[in-house]
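Input: a single structure, listed below in structure tokens.
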Amino acid sequence: MVYNRPVCKSLLEDNGIMKVDWLIVGAGFTGATLAERIATQLNQKVLLVDRRDHVGGNAYDYYNEHGVLCHRYGPHIFHTNAKSVWDYLSQFTEWRPYYHHVLAQVDGRPVPVPFNLNSLYALFPPRHAGKLEELLISEYGFNVKVPILKMREHSNADLAGLADYIFKNVFLHYTRKQWDLDPEQLDPSVTGRVPVYISRDDRYFQDTYQAMPVLGYTEMFRRQLAHPNIRILLQTDYREVLDGVQFNRMLYTGPMDEYFDSMHGALPYRSLRFELQTRDTEWHQQVGTVNYPNEYDFTRITEQKHLSGQKLAKTTLVVEYPQIHRPGVTEAYYPIPRAENREHYAKYEAEAAKLNGSVLFAGRLADYKYYNMDQACARALKLFSSEVAVA
Ligand code: FAD
Ligand code: UDP
């Protein structure tokens, strides 16, 4: 059952208090997965609260006035190597096979990203590209992924030169726009998400399972949460209902610092502004996403219909503008992975430990980890078996 804020009071039982086993804060991948497990496997009652007006967290999607399935919080492409996550989510959705492709505009030319052997031929004359291809294969082998920061350290001058070119043209300015930091100021795993790939495979991901939910993520969440033990309260900050709800345990998936009223100072996050544009043309671009590492203030443009597979006369684009995060004003979309922030986060982890498991913290914001959707889901499944089902 889903309630919106105005009917909040109808949740309350006779004595003005609602009794549940679990209060779960946040209806994204983490909160929804835990709610489903607790309701169906333990037959316990859950109140799932989200301050947004929908479930799904950042993966929320909806049909716009032109019938295009749009992602409100930026393009979400599902990919995983975890069969357990794939099997779990497959209970709630059918899938449409989809391989995401990305092109980056470099020197005015569309270049496949992750940078691979095809990218060499898209940029350089064939003989030069051929020599670089030979060099890459002889130094690293075929079908190998090399993070750009690692490749820059190579002792071979030609290879280091190529790495420098890729670094400057694909990574440096994109990263400055996205994070307001240089690649070296971030954990190497950030640029390592998009390594140089010594291969002819142009796909953005190589995971075993790559697909989009046929009817969208929101419908998948609706099915996942359709259980009589789960009540959903939207447009409500959990702090507003604490007086009216009696619960045994709590799962919190919001920003960790916010839970503790920023007692150790606000944790840094990066935010984005999404601009949705509908064009009176069938297609705008060749592939799902085009990155603009060097030009403009935005980082990338995604054409939603590539992701949904819809056939419609018009098309809708989402343009991503990175921006600084102001708590209470903007949404915290990305934790900023770097050593000093991990140390900062550890102070909150120590506070969380003092709660002795009465409140569990999990998710991209509460763990302060750059999770993909499958990782958030895997984290919730693991938490269920290690900390919830055994208690
Ligand atoms: P969230 O989805 O952030 O959910 C947390 C929820 O908690 C929110 O709905 C919030 O409103 C609620 N909340 C917080 N505080 C409170 C409070 N005080 N009271 C009530 N409710 C509260 N992953 C992929 O696998 N593939 C992709 O292509 C991909 N693209 C992405 C693109 C962008 C721009 C972004 C930002 C993320 C992308 N991700 C992608 C990552 C994906 O969004 C996350 O892994 C996933 O949504 C994390 O789920 P979560 O439940 O941990 O957090
Ligand atoms: N990146 C880049 N240029 C690109 C693509 C990615 O510099 O063309 C870097 C950038 O720092 C980015 C990171 O690699 O933030 C991770 O990229 P990904 O596409 O995984 O980001 P997400 O989809 O999570 O925003």
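Numbering of ligands and ligand atoms starts at 1, following listing order. Computed from a predicted model, the values in this text were never measured in an experiment.
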Any salt bridge between [X] and [Y], counting N to O under 4.0 Å?
X    : Y    : answer
K354 : E349 : no
D50  : R52  : no
D164 : R152 : yes
E331 : R364 : no

Subject >> Positive for ring-ring contact (aromatic ring centres under 6.0 Å, His included) with H325, one of Y334, Y269, Y333 >> reply: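 Single pass found, and it is Y269.
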Subject >> Between Q206 and K145: side-chain donor-acceptor atoms closer than 3.5 Å >> reply: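 Result is yes, a qualifying pair exists.
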**OP:** Go through the side-chain N and O atoms of N143 and Y197 and say whether any donor and acceptor fall under 3.5 Å apart.
**Re:** yes
Please report whether ligand 2 has a polar contact with [X], defined as an N or O pair separated by less than 3.5 Å (distance criterion only).
X    : answer
T191 : no
V170 : yes
A104 : no
Y174 : no
R193 : yes

Should [X] and [Y] count as side-chain neighbours, where that means a heavy-atom distance under 4.5 Å?
X    : Y   : result
C70  : Y63 : no
L242 : L23 : yes
F221 : H54 : no

For [X], the ligand 1 atoms whose distance to one of its heavy atoms is below 4.0 Å:
X    : answer
G363 : 52 (O)
G26  : 6 (C), 7 (O), 12 (C)
Y334 : 33 (C), 34 (C)
T253 : 5 (C), 7 (O)
F29  : 49 (O), 51 (O)
M373 : 23 (N), 24 (C), 25 (O), 26 (N), 42 (C), 45 (O)
Y238 : 17 (C), 18 (N), 19 (N), 20 (C)
G254 : 14 (C), 15 (N)

Measure [X] to ligand 1 on non-hydrogen atoms and call it side chain, backbone, both or neither using the 4.0 Å cut-off.
X    : answer
A32  : neither
T236 : backbone
Y73  : backbone

Subject >> Heavy-atom pair of closest approach, residues T302 and P75 >> reply: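 In this case the closest contact between T302 and P75 is OG1-CG, 3.4 Å.
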Is [X] in polar range of ligand 1, meaning some N or O pair under 3.5 Å apart?
X    : result
E320 : no
Y371 : yes
R51  : yes
F274 : no

**OP:** Count the heavy atoms of every other residue, nucleotide or ligand shown that sit under 6.0 Å from CD of Q286, and state whether that count exceeds 12.
**Re:**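 Not more than 12 within 6.0 Å, no.
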Original post:
Under 4.0 Å from atom 51 (O) of ligand 1, is there any protein heavy atom?
Top reply: yes
For [atom], what's the nearest protein heavy atom and its distance?
atom                    : answer
atom 8 (O) of ligand 2  : N291 ND2, 2.9 Å
atom 48 (C) of ligand 1 : A376 CB, 3.9 Å
atom 13 (C) of ligand 2 : V190 O, 3.5 Å
atom 11 (O) of ligand 2 : T175 OG1, 2.9 Å
atom 18 (P) of ligand 2 : Y204 OH, 3.7 Å
atom 22 (P) of ligand 2 : Y370 OH, 3.4 Å

Does [X] have its ring centroid less than 6.0 Å away from the ring centroid of [Y]?
X    : Y    : answer
W95  : Y209 : no
H154 : Y140 : yes
Y99  : Y204 : no
Y348 : H264 : yes
H71  : Y217 : yes
F115 : F171 : no

Subject >> Test item, F78 contacting ligand 1 (heavy atom, 4.0 angstrom) >> reply: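 Contact check F78 vs ligand 1: negative.
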Original post:
For ligand 1, is there an atom lying under 4.0 Å from some heavy atom of D367?
Top reply: no
**OP:** Have a look at Y73 and tell me which of N58, D61, L272 forms a side-chain contact (heavy atoms from CB on, under 4.5 Å) with it.
**Re:**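 Result: among N58, D61, L272, N58 is the only option passing the side-chain contact (heavy atoms from CB on, under 4.5 Å) with Y73.
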**OP:** Sort out for me which residue in I230, V46, T33 forms a side-chain contact (heavy atoms from CB on, under 4.5 Å) with L225.
**Re:** I230
Out of [options], whose heavy atom sits nearest [atom]?
atom                    : options              : answer
atom 35 (C) of ligand 1 : R270, R364, H54      : R364
atom 39 (N) of ligand 1 : R52, H76, E258       : H76
atom 3 (O) of ligand 1  : I24, D50, N58, D237  : N58
atom 28 (O) of ligand 1 : I77, V241, V25, L307 : I77

Taking only heavy atoms of [X], which atoms of ligand 2 are found under 4.0 Å from at least one of them?
X    : answer
Y334 : 22 (P), 24 (O), 25 (O)
Q178 : 15 (O)
R300 : 19 (O), 22 (P), 23 (O), 25 (O)

